[in-house]
2 protein chains.
Amino acid sequence: MGRSRITARDVAAAAGVSQPTVSRVFADNARVDPATRDRVMRAAGDLGYRPNRLARAMSRGRSHTVGLIVAGLDNPFYADAVDRFSRALQARGYHAVIVTASNDAADLDGQVRDILAMQVDGLILASVSIDNALARAASQAGVPLVLFNRGQHGTDLPTVTSANHDGGRRAAHLLVDRGHRRIAHVSGWQGSATGVDRQRGFLDGMADRGVAPLACIDSRYDRDRARRAVHDLFGADVTPDAIFAGNDLIAFAVLSALRHDLGLSVPRDVSVLGYDDVAMAAWPEFDLTTFRQPAGRMVDATIGMLMDLIDGRPVPDRLTEIRSDLIERGSVRAAP
Amino acid sequence: MGRSRITARDVAAAAGVSQPTVSRVFADNARVDPATRDRVMRAAGDLGYRPNRLARAMSRGRSHTVGLIVAGLDNPFYADAVDRFSRALQARGYHAVIVTASNDAADLDGQVRDILAMQVDGLILASVSIDNALARAASQAGVPLVLFNRGQHGTDLPTVTSANHDGGRRAAHLLVDRGHRRIAHVSGWQGSATGVDRQRGFLDGMADRGVAPLACIDSRYDRDRARRAVHDLFGADVTPDAIFAGNDLIAFAVLSALRHDLGLSVPRDVSVLGYDDVAMAAWPEFDLTTFRQPAGRMVDATIGMLMDLIDGRPVPDRLTEIRSDLIERGSVRAAP
DNA sequence: GAGGTCTGTGAATACGTATTCACAAGGCGG
DNA sequence: CCGCCTTGTGAATACGTATTCACAGACCTC
């Protein structure tokens, strides 16, 4: 097991040049005699040399590495996002160091400081919010960060989300316009900006139409909690005829509870509306009407913003909100 | 934006000691006077110093970083595995550099060499198989690797999988024992060891019982292909009364096709058996009987094996197969 | 043909930490 | 009181690359 890595010095010796010349050949920005370059490239090929990225990072002060901190990988939306992030970064010569976090702020602090010690060039926080102390630590270290789909109220940290408030509002409009009057919201976690914004949008949208919402129940993005919420809703005197769910996974849980626990039919008895448009939403078991968060566009915007920050380019907008389009399937009834 | 990272030298100056002493305090294996240690720790705390992990890696020849190459993040089983891997590695002071790969060998080669240049201490290949040239490149670089759930026939690379052949065989036994005689297999990709082993096990299990399999169709882990396979099966003269699916995702596609395209009832008309036991299998829409691949145990075994290899400890078994237990739910009919 | 610019390369050094080596101070046994 | 061992620390150096600086030679201009 040869820990005998080939170094630029080895290549230099083989090609009859000095180590800096090898470095210049691989740097691509310095002028090298074509004949010399050929010799070096041939020697490098023969020896199987690849520049040590750690050493390069040390020397240039750029690791070409980005920290990707994500919670909720059990949600296919975020699994998909991680997939896209990693590909997008690779395409730009970067690599992602992945850290899976809980929503526990104490853990997160250590994890972020740990990953900052790895000299990442940037930080993406997906589905995770951070406090000001942490944001300051990152900015003090000169490491830019972008929040993905989990804005932070009361800060001006660069953020990419879908237009959650707008989506929530349009959800309310849609359900009212389809003739529903007893509309409940099984919301996302009210400790997350995503959950809060969608709920506020929903409430504003209801107010727009002059209809009082039946109830808002926090599911905390938990399937069991969502199921119990449905049971509670249907145990009351006035029962909903439509449910707006905080995201698709919640909507699936709501569908299960309605159909399998309560024996109700969707959308005949109750309409269900989701948010995200994960792949499963199109499966015939769910056939979920939902607002699509365009993961591809959101990831591209995030990467673009991060790269601008890393390279010191001005960032047009610190807050990018991408509109969610309604994907109409079969879980919300047609207009009466 | 201060690129002005605090270095050990700064801490040394503040504490009135030399840089190596600071290094010793943080190394934890060298003897330092308690009073000195206190002064250094205090200074480090005041300045917010954390050792630069890149420099540490350069100096020690250990990056405490592992490459995690994964395909199929759209399968919740692998999303869950990534989550577990990242947590398990963090718990041991390691970090994961994630690379999402397709099953295209040409891409993979570049990606692996790229990540080797990052001086990772080890490599985990999840749901990805590699050719011998690549394995040699890694071993030549002195970087151990472990295959997770995608063994490689004809090599002796360290591998952790579930007991796929055994599982396939028991799948056949179960279906025959439940009175089925027209059993089809909508298999996983026959370019993957996982898919091949489960199918071979299935065929051997059928032979054990003296029942001829109705058909084996390669779904390539693709939902549409699986759906077409079901259509084909039910377009033939003899139609199946049970289907063993290559994994849970395939089983879900099969269920959709049976119920929504063909109007059949499960398990009354057809039994469906899966493999993996992803979380969704327990949802009432699917209620899937399946073999559980214990992700936690498999990940632990993988990490354990990799750490042994990294630290130069002898590895008890290069091939770890973890038995899959049957999780009986409602998609396979009871004994007649 | 002298002075100037341009091109290509090597020597030296920086990046931040860990480690080896040397050394001073202190404790101890004889 | 001398030699020896132990303990704690600093000076020097290594890890592998990128970059700065200096310099040699080629080429050009007037």
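Chain identifiers are assigned alphabetically (A, B, ...) following the order of the sequence lines, protein sequences preceding nucleic acid strands; residue numbering begins at 1 within each chain.
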Worksheet item: Does A:Arg31 make a side-chain N or O approach to OP1 or OP2 of C:dT7 shorter than 4.0 Å?
Response: no

Worksheet item: What is the nucleic acid contact for B:Arg24, judged by heavy atoms within less than 4.0 Å: base, sugar-phosphate only, or nothing?
Response: base

Worksheet item: If you check the A:Tyr49 side chain, which of C:dT17, D:dG8, D:dT17 turns out closest?
Response: D:dT17

Discussion item. I need the CZ-P distance between A:Arg5 and D:dG16, as an integer number of Å.
Written reply: 9 Å

Item to complete: Give the rounded distance in Å between these two atoms: CG of B:Asn52 and C1' of D:dT17.
Response: 15 Å

Fill in: Of the listed nucleotides C:dG8, D:dT9, D:dG16, the one nearest the side chain of A:Thr36
C:dG8

Worksheet item: Hey, does B:Val22 reach any base, or is it just sugar-phosphate, or nothing, if we go heavy atoms under 4.0 Å?
Response: nothing

Worksheet item: The side chain of B:Ser59 lies closest to which of these nucleotides: D:dA14, C:dT9, D:dT9?
Response: D:dA14

Worksheet item: For A:Arg318, does the CZ atom have more than 12 heavy-atom neighbours from other residues, nucleotides or ligands under 6.0 Å away?
Response: yes

Discussion item. Please determine whether a side-chain nitrogen of the Lys or Arg among B:Arg87 and B:Asp83 lies less than 4.0 Å from a carboxylate oxygen of the Asp or Glu.
Written reply: yes

Item to complete: Please determine if B:Asp33 and B:Arg37 form a salt bridge, counting it only when a charged side-chain N lies under 4.0 Å from a carboxylate O.
Response: no

Item to complete: Would you please confirm or rule out a distance under 4.0 Å between OP1 or OP2 of C:dG8 and any side-chain N or O of A:Thr21?
Response: no

Worksheet entry | Donor-acceptor pair (no angle test) under 3.5 Å: B:Gln19 side chain, C:dA18 base | yes

Worksheet item: How would you label the contact of B:Ala8 with the nucleic acid (heavy atoms, under 4.0 Å): base, sugar-phosphate, or nothing?
Response: sugar-phosphate

Worksheet entry | Length of the line joining B:Asp33:CG and C:dA24:C1', which is rounded to integer Å | 15 Å

Fill in: Ionic contact status for A:Asp114 with B:Arg53, cut-off 4.0 Å
yes

Discussion item. Counting neighbours of CZ on A:Arg9 that are heavy atoms of other residues, nucleotides or ligands and sit closer than 6.0 Å, is the number greater than 12?
Written reply: no

Worksheet item: With a 4.0 Å cut-off on heavy atoms, is B:Pro20 in touch with a base, just the backbone sugar-phosphate, or nothing at all?
Response: base

Response to the item:
On DNA chain D, more 5' by nearest nucleotide between A:Leu54 and B:Val17 is B:Val17

Discussion item. What's A:Ser23 touching, base or sugar-phosphate or nothing? Going by heavy atoms closer than 4.0 Å.
Written reply: base

Worksheet item: Nearest-Å distance, CZ (A:Arg60) to P (D:dT20)?
Response: 12 Å

Worksheet item: What does A:Ser18 touch in the nucleic acid at a heavy-atom separation under 4.0 angstrom: a base, only the sugar-phosphate, or nothing?
Response: base

